[in-house]
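Remarks on the structure that follows.
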Amino acid sequence: MAPLAVVTFQPPAQALDHLQVPHVVETDPAQWRALARDAQALCCLLTDRVDAALLAHAGSLKVIATASVGVDHVDVEAATARGIWVCHTPGVLTQATADLTLALILAASRRVPEGEALLRGGRFQGWRHDMLLGLELGGATLGIVGMGRIGRAVASRAAAFGMEVLSSDPGAPDGPGRPVDLEELCRVSDVVTLHCPLTPATRHLFDRARIRSMKPGAILVNTARGAVVDEEALADALHDGHLAAAGLDVYEHEPAVHPRLLTAPRVVLLPHLGSATLKTRTAMATLAFVDATRVVRGLPPLHPFNHP
Ligand code: GLV
């Protein structure tokens, strides 16, 4: 029987048990695109571009189930117009992503990579009173941009560190932290962390002017989507010392990293690891497979992003 579902990635075995319709796992993009032509379900990742051309070619598709919470790689409008469900994985990656955000905040504020490089480079000549002094989180102000699930989970962790939390999210004015407008948040926060989805409204939300409006010596952390930040402007602000540091997990043109970010001082760079725990990745794939199965069987999905 021809596969009803095409899976573009090798999922944890436990998760694949939840895909209960005939399926094929095919990780080669040219191959899975060809196979998608006759499939009813496409189970994909955030690195798979699902554009209008693919949707036009895959005329039998009923559901795109992406094992990610972000859907900016999918042309949701085109899918909706074709009556195709777009399903994603909210909730299950919240804790893992919030943990990684704190890892970046701590690494950037306490200069962890610099300290390790100094030691491995043979430059540790004993304890020094003035060596690699960083920002202490207790009493510092954390500005959270985007108070969805991940923003809230970061807020509770930050509170445990004794940080004062400010929030800016026009869609969630009642979240934890003191709600302020984005201008005030940038002006007063010692650390700004981004947790908004990438949409036309948030693309380059942190442009040159916004980055310049941040408190001198502040730290910018991004575990959301790279394109929320103008990377060239961020690199400039790090090179000229306007910002003390940055912690980045995401990039506008992944896997490429802006070359001037690679050479900027005090920037901690991770390769998009926000949800990278086995527990979370298994849960994400499971959610995608459950919804793919449901839609192919004629049931409504549990985690739809759109409503075709
Ligand atoms: C990760 O970036 C996701 O959107 O799941």
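Note that ligands are numbered from 1 as they come in the structure, with each ligand's atoms numbered from 1 the same way.
Asp181 is linked by a side chain to side chain donor-acceptor pair (under 3.5 Å) to nothing, counting only residues two or more places apart in sequence or in another chain.
Under the 4.0 Å criterion applied to side-chain N and carboxylate O atoms, Arg212 and Asp240 are assigned as salt-bridge partners. Under a 4.0 Å N-O distance rule, the pair Glu183/Arg210 qualifies as a salt bridge.
Screening residues 116-130 for side-chain hydrogen bond (donor to acceptor under 3.5 Å, both in side chains), with sequence neighbours left out, gives Glu116-Arg120, Arg128-Asp130.
Here Met131 is tied into one hydrophobic group with Leu118, Leu119, Phe124, Leu132, each link being a pair of ILVMFWY side chains closer than 4.5 Å.
Within 4.0 Å of ligand 1, protein heavy atoms belong to Leu46, Ser68, Val69, Gly70, Leu93, Arg225, His272, Met284, listed by chain and number.
A donor-acceptor pair is defined here as one N or O able to donate and one able to accept, closer than 3.5 Å; no such pair exists between the side chain of Thr66 and the backbone of Val71.
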